[in-house]
Number of protein chains: 2
Amino acid sequence: MDTLNGLKRTNYCGDLRSSNINEEVVLMGWVQKKRNLGGLVFVDLRDRSGICQIIFDTDVNKEAFEKAEKLGSEFVIAVKGKVAERSSKNPNLPTGDIEIFANELRILNKSETPPIYIKDDDNVSEELRLKYRYLDLRKSSMQKNLILRSKIANIVRNYLSDNNFIEIETPFLIKPTPEGARDYLVPSRVNQGKFYALPQSPQLFKQLLMVSGMDRYFQIVKCFRDEDLRADRQPEFTQIDCEMSFVDENDVMAIMEKMVQVIFKETINVDVELPLQKMTYAEAMERYGSDKPDTRFGFEFKNISDIVADCGFGVFSNSAKDGKSVRGINVKGHAEDFTRKQITSLEDHAKTYKAKGLAWMKVGENREVTSPIAKFFTEDEITAILDRMDANSGDLLLFVADKDQVVFDALGQVRLEVGRRLGLMDNSVYKMLWVTEFPVFEEDEESKRFVAKHHPFTSPMDEDVDKLEDGDKASLRAKAYDIVINGYEVGGGSVRISNAELQQKMFRALGFSQEEANEKFGFLIDAFKYGTPPHAGIAFGLDRLTMILAGTTNIKDVIAFPKNQSAVCPMTNAPAVAEEVQLEELSIKVELGEQE
Amino acid sequence: MDTLNGLKRTNYCGDLRSSNINEEVVLMGWVQKKRNLGGLVFVDLRDRSGICQIIFDTDVNKEAFEKAEKLGSEFVIAVKGKVAERSSKNPNLPTGDIEIFANELRILNKSETPPIYIKDDDNVSEELRLKYRYLDLRKSSMQKNLILRSKIANIVRNYLSDNNFIEIETPFLIKPTPEGARDYLVPSRVNQGKFYALPQSPQLFKQLLMVSGMDRYFQIVKCFRDEDLRADRQPEFTQIDCEMSFVDENDVMAIMEKMVQVIFKETINVDVELPLQKMTYAEAMERYGSDKPDTRFGFEFKNISDIVADCGFGVFSNSAKDGKSVRGINVKGHAEDFTRKQITSLEDHAKTYKAKGLAWMKVGENREVTSPIAKFFTEDEITAILDRMDANSGDLLLFVADKDQVVFDALGQVRLEVGRRLGLMDNSVYKMLWVTEFPVFEEDEESKRFVAKHHPFTSPMDEDVDKLEDGDKASLRAKAYDIVINGYEVGGGSVRISNAELQQKMFRALGFSQEEANEKFGFLIDAFKYGTPPHAGIAFGLDRLTMILAGTTNIKDVIAFPKNQSAVCPMTNAPAVAEEVQLEELSIKVELGEQE
């Protein structure tokens with residue numbers, strides 16, 4: 001094998017243009033393709049920037065030509081040569097106007113035949129891609145994604161720095177807080193029998209930084225949750241984490257939507273119009289059945305409970321009261337696009353979200369209704385329904401009747417599925433909005449206890465604060481806000497409680513005894529005694545934001561070395577069995593079996 | 001308590017100048033000091049940017065005045081008022097030319113009397129400072145340090161981005177590698193009985209990113225080592241981690257010393273002259289007894305072994321052979337600055353580094369020598385020693401005779417101590433250099449095995465590569481380099497092995513069986529088969545770099561929330577006992593006692 005021996009690269013492969021013609025260049029990269037043609041050897045040489053065509057000709061350099069004949073795919077080479085105008089130009093390639101006539105070739109490393117192809121449309125399993133991630137990352141799509149991610153982080157950092165934010169690192173080895181999601185624990189060797197936790201977010205530390213007068217903090221930081229994995233969930237994920245003092249929710253939203261605008265402009269050249277729409281949580285649920293509505297298309301919810309309260313269709317009339325409802329969407333103008341069979345498949349979709357069924361009506365000429373359930377309604381009821389649904393000829397109406405939460409979930413998912421099938425989820429369109437006034441509490445399904453929807457440090461709205469101790473907890477609204485893009489929650493935050501007494505009341509409302517509160521958050525309660533400024537913050541999911549900007553729906557495509565669905569790294573086989581001596585030093589023992 | 005209620009801050013306290021006179025401003029911050037004087041209330045209002053004087057006057061606003069009378073230290077307030085020229089200017093304060101006449105005061109939060117004072121010269125214990133870190137961080141020195149740290153990170157990111165480096169995040173939950181320092185382990189719940197490790201560095205991942213063609217990588221990233229803590233060591237620390245393809249050691253040093261130059265210029269306005277001096281490891285040891293020499297002052301080592309080989313002083317003559325030596329430093333011109341008592345305390349210092357003693361000679365008029373050991377030497381020997389030591393009237397010579405390693409350590413530390421006592425460690429002077437050609441191996445004291453001095457992926461120098469299998473391992477030099485500033489190792493790196501066969505040889509030389517090597521690093525060995533570019537990298541310690549630029553010698557002063565010497569966070573009391581249910585879910589059990 002040859003060595004660099006002081007040879008310096010002069011250009012990246014993908015950067016060469018007609019303007020470089022006649023220059024002597026040194027390129028280094030991987031052999032993407034090699035072919036012998038008409039007594040010449042043609043090599044497509046690849047590096048991070050792209051591909052460039054190299055020609056080896058005995059007349060130019062015999063030794064280089066003979067070496068080139070032996071090149072294989074993915075060999076690593078250095079080439080010295082002269083840039084020439086290409087004889088047969090390739091308009092599909094940025095470097096298609098030129099080619100290099102090589103007068104020197106060094107083979108820096110060989111390659112065995114790679115187990116996966118280095119091309120984007122390679123149809124190998126995800127597991128194999130992850131096992132050979134170092135090869136998978138050679139693909140231009142993956143390189144583009146990682147470069148995009150790096151660029152977003154850089155834009156964010158510069159934007160926030162320009163706006164007086166200071167990047168401050170918070171600890172990774174913190175105190176376990178058995179609240180919210182499950183912590184990853186780290187046994188301590190120095191303090192035997194005790195454990196650190198990896199942070200689910202820097203929440204407490206960033207609030208303490210506000211107490212310390214740092215004024216504006218940010219951090220792009222890894223966070224950890226030991227939850228069961230879904231397609232878009234990883235054990236570790238990256239947050240753009242921000243906190244500001246002396247501001248209210250509108251200040252935070254204003255400065256952060258401007259950041260989103262800058263990101264979209266500088267990465268994909270999309271103009272975001274500001275200010276973004278703001279929609280309350282209540283309105284979002286009413287109109288879309290979701291607190292992260294995809295507003296790229298309509299088909300908004302209508303509540304017909306009042307109309308069907310006394311109708312002859314028991315499924316509807318029984319659902320028209322007591323926290324239940326009957327709601328529908330109008331798939332405007334698309335009656336013909338859904339056959340009975342297709343509607344049945346929509347119904348199946350609804351059922352996976354706990355709906356018992358999906359009622360439908362097609363509206364024909366003169367608002368004539370075709371529907372298996374039409375017979376149960378009076379003519380007046382039908383007219384009232386059509387009026388409420390704003391229905392006309394050619395419309396398809398879909399209804400779910402159930403507990404509110406099921407209606408929201410199931411009909412909301414049906415709405416998304418309809419949008420998907422009709423091609424309305426256009427990845428080149430970006431619809432974003434703020435969802436505000438989230439509930440402070442939500443009921444935990446298992447324990448029937450009220451838990452914090454956001455976290456225990458979120459401030460209730462001023463007008464609702466009195467309900468904290470006496471009133472209807474479920475109706476308490478928070479100074480919380482999420483930014484939603486194309487149906488994804490991309491960021492979320494809140495004004496924090498900055499008053500020690502109110503914080504104590506909140507802990508009580510969440511059912512913490514004084515002792516528990518002190519044990520878990522005593523240092524925060526203490527800190528709040530010594531002059532805490534009003535403060536508010538937000539955290540963006542960098543993985544998800546990058547995913548949207550990259551136009552992919554697979555979060556693993558924007559993470560260099562992700563885990564698979566079993567929280568395993570197929571490349572390194574992490575996690576692994578630890579050596580006995582390591583566990584002894586930590587005074588811990590593995591006791592398998594109990595759980596199995 | 002008052003609320004913001006839409007009130008917006010217009011300026012930071014510390015930014016106001018004469019040019020703002022007559023402006024109506026809104027400031028928010030903490031009450032640093034309040035005094036009643038001549039019927040007025042004077043408040044020093046503090047925020048991150050500095051301090052500004054506010055005057056409350058009944059004639060301007062009675063209500064605000066009456067509220068102001070009740071203010072206490074560290075109350076959080078918002079003040080609206082008019083900027084006026086100060087009647088008695090304070091040239092020591094950036095805002096000393098102005099003051100604010102307040103016409104509105106809002107008390108946003110009260111404060112109890114803080115347990116530590118918010119001022120820099122507060123002499124409280126470090127433990128108390130860490131317990132109330134949120135108050136400690138209100139000190140201007142600490143805020144400056146964190147702002148400096150953020151600025152360094154930003155400069156680094158922009159410099160590296162401008163030089164085609166891409167920031168790529170590598171995983172925190174990785175495979176345990178029982179090599180080098182002790183890993184922090186993280187039990188896996190999904191994969192019962194198995195463990196992740198927190199990374200000691202992203203070494204393997206950044207090399208794999210080079211295999212994947214990412215070409216230039218960087219990351220500012222937390223790393224973890226479960227080692228016993230020293231003053232300048234934390235369980236988690238931050239690295240500026242870089243890797244480059246198609247380069248050699250000189251390329252890395254050139255691009256990185258330029259980065260250091262930019263950092264010094266943009267943070268503390270110090271000009272660093274490039275290129276930096278390069279010194280081999282062998283030369284650094286010969287001249288300073290250290291691979292991280294503090295070159296702010298001289299007193300270089302001289303070897304007098306040959307002169308004293310047959311002298312009458314047994315301590316010297318016995319040390320003049322077989323991996324032992326007698327070396328000295330000339331504390332030039334400072335004979336009078338060290339009394340016998342002070343020399344004895346230097347000797348005590350030498351003894352803590354395992355020296356058996358510290359011999360000394362003072363040189364007087366006509367090179368007359370005063371020394372308890374003078375009588376053991378012939379006149380010729382004395383002359384030869386003085387010549388070798390370049391000694392003249394007024395010089396103090398200090399000698400250690402022992403095994404080389406002890407001589408280097410002990411005399412090196414004596415040299416530093418002498419420099420410290422003579423005030424030669426000037427923190428406003430910055431002397432930096434590269435130390436190169438480190439040994440590939442070092443002998444592990446306990447096991448007497450050769451281990452990697454840097455890590456097993458460091459490339460030997462081309463001319464030494466053949467010694468890997470046959471030759472004298474101890475003499476093998478690596479393509480490794482450290483950047484040293486004022487005696488601190490601030491960064492270090494190496495050219496990596498990019499050849500699969502050479503890597504295998506290295507594993508064998510380190511005593512790994514084929515099986516072990518595959519078990520630990522199989523994925524890297526595999527990766528190297530598919531076209532690995534020549535690559536090299538470096539990692540800087542951000543904590544240490546910030547410490548030097550901040551002019552402090554306590555690493556905790558540049559970390560927002562550090563751990564104490566027992567790896568405990570005195571503020572949150574992390575680590576803590578975990579709940580039983582958490583451990584059950586992980587199938588692990590704490591078994592104390594065995595170790596105690």
Side-chain angles (χ1 to χ4, degrees), chain A residues 4 9 28 30 48 74 76 109 111-112 114 134 137-138 146-147 150 154 161 166-168 171-172 174-175 178 184 186 188-191 193-196 208 211-213 215 222 226 236 246 523 527 529-534 560-561 567 571-572 574-576 578-579 587-592, chain B residues 4 9 28 30 48 74 76 109 111-112 114 134 137-138 146-147 150 154 161 166-168 171-172 174-175 178 184 186 188-191 193-196 208 211-213 215 222 226 236 246 523 527 529-534 560-561 567 571-572 574-576 578-579 587-592:
Chain A
L4 283 180
R9 171 166 63 184
M28 304 188 186
W30 286 258
R48 194 179 83 190
E74 300 306 316
V76 183
N109 229 329
S111 173
E112 296 182 10
Y134 44 86
L137 290 181
R138 285 188 189 165
L146 294 188
I147 291 168
S150 175
N154 209 248
S161 297
I166 298 171
E167 186 160 27
I168 301 175
F172 277 73
I174 68 167
K175 187 180 176 181
Y184 276 103
V186 183
S188 167
R189 180 183 55 87
V190 182
N191 302 278
K194 295 190 174 177
F195 293 81
Y196 303 100
L208 291 171
V211 175
S212 77
D215 199 72
K222 275 280 174 73
D226 187 9
E236 49 183 296
F246 302 113
F523 57 99
K529 292 177 193 160
Y530 303 112
T532 301
F561 300 101
M571 181 179 72
T572 60
E579 298 198 353
S587 287
I588 62 172
K589 237 189 154 80
V590 172
E591 296 222 324
L592 291 179
Chain B
L4 284 179
R9 173 169 59 186
M28 304 187 186
W30 285 258
R48 195 179 82 189
E74 300 306 315
V76 183
N109 229 329
S111 173
E112 295 182 9
Y134 42 86
L137 290 180
R138 284 188 190 164
L146 294 188
I147 291 168
S150 175
N154 209 248
S161 298
I166 297 171
E167 186 162 26
I168 301 176
F172 277 73
I174 69 167
K175 187 179 177 184
Y184 277 103
V186 183
S188 167
R189 180 183 54 86
V190 181
N191 302 279
K194 295 190 174 177
F195 293 81
Y196 304 100
L208 290 170
V211 175
S212 76
D215 198 71
K222 274 280 173 76
D226 186 9
E236 47 183 296
F246 302 112
F523 57 99
K529 293 178 191 157
Y530 303 113
T532 300
F561 300 101
M571 181 180 70
T572 61
E579 297 197 353
S587 288
I588 62 171
K589 239 188 155 81
V590 172
E591 297 219 326
L592 291 179

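Scope of the values below: all heavy atoms of this structure, side chains included, with no hydrogens, waters or symmetry mates. As the structure is a computational prediction, the values presented were derived from the model and not from experiment.
Taking chain B as the reference chain and counting heavy-atom pairs below 4.5 Å, the highest number among A527(A), S188(A), G193(A) is found for A527(A). When the candidates T572(A), V186(A), L137(A), I588(A) are compared by the number of heavy-atom contacts under 4.5 Å with chain B, T572(A) comes out ahead. Options G531(B), S161(B), P114(B) differ in how many heavy-atom pairs under 4.5 Å they form with chain A, and the most are formed by G531(B). Interface remark: of the candidates M28(B), R138(B), K175(B), R138(B) forms the most heavy-atom pairs closer than 4.5 Å to chain A. Highest contact tally toward chain A, considering only A560(B), S111(B), A578(B), is held by S111(B) [criterion: heavy-atom pairs under 4.5 Å]. Of the residues considered (A576(A), A574(A), A567(A)), A576(A) shows the highest number of contacts with chain B, using heavy-atom pairs under 4.5 Å. The most heavy-atom pairs under 4.5 Å with chain B, out of I168(A), N191(A), L146(A), I147(A), come from N191(A).
Under the 30°/60° scheme for interplanar angles, the aromatic rings of F172(B) and F172(A) are found to lie parallel. A perpendicular orientation is assigned to the rings of F246(A) and W30(B), their planes being inclined by more than 60° (bins at 30° and 60°). Relative orientation of the Y530(A) and Y134(B) rings is parallel, given thresholds of 30° and 60° on the angle between their planes.
Contact annotation: the side chain of M571(B) approaches that of F523(A) to within less than 4.5 Å [non-hydrogen atoms, C-beta and beyond]. Annotation: side chain of F195(A) is not in contact with side chain of P575(B) (no heavy-atom distance under 4.5 Å).
For a residue to count as touching a neighbouring chain, one of its non-hydrogen atoms must lie under 4.5 Å from one of that chain's; by this rule V190(B) touches chain A with the side chain only. When heavy atoms are compared at a cutoff of 4.5 Å, K529(A) approaches chain B by way of both its backbone and its side chain. Using a 4.5 Å cut-off between heavy atoms, L208(B) contacts chain A through both its backbone and its side chain. If you measure heavy-atom distances from D226(B) to chain A, the contacts under 4.5 Å come from both the backbone and the side chain. If you measure heavy-atom distances from R9(A) to chain B, the contacts under 4.5 Å come from the side chain alone. For chain B, the nearby part of P534(A) is the side chain; its heavy atoms alone come within less than 4.5 Å. If you measure heavy-atom distances from I174(B) to chain A, the contacts under 4.5 Å come from the backbone alone.
Between V76(B) and P533(A) the shortest heavy-atom distance is CG1-CA, 3.9 Å. When all heavy atoms of S150(B) and E167(A) are compared, the pair lying nearest together is OG-N, 2.9 Å.
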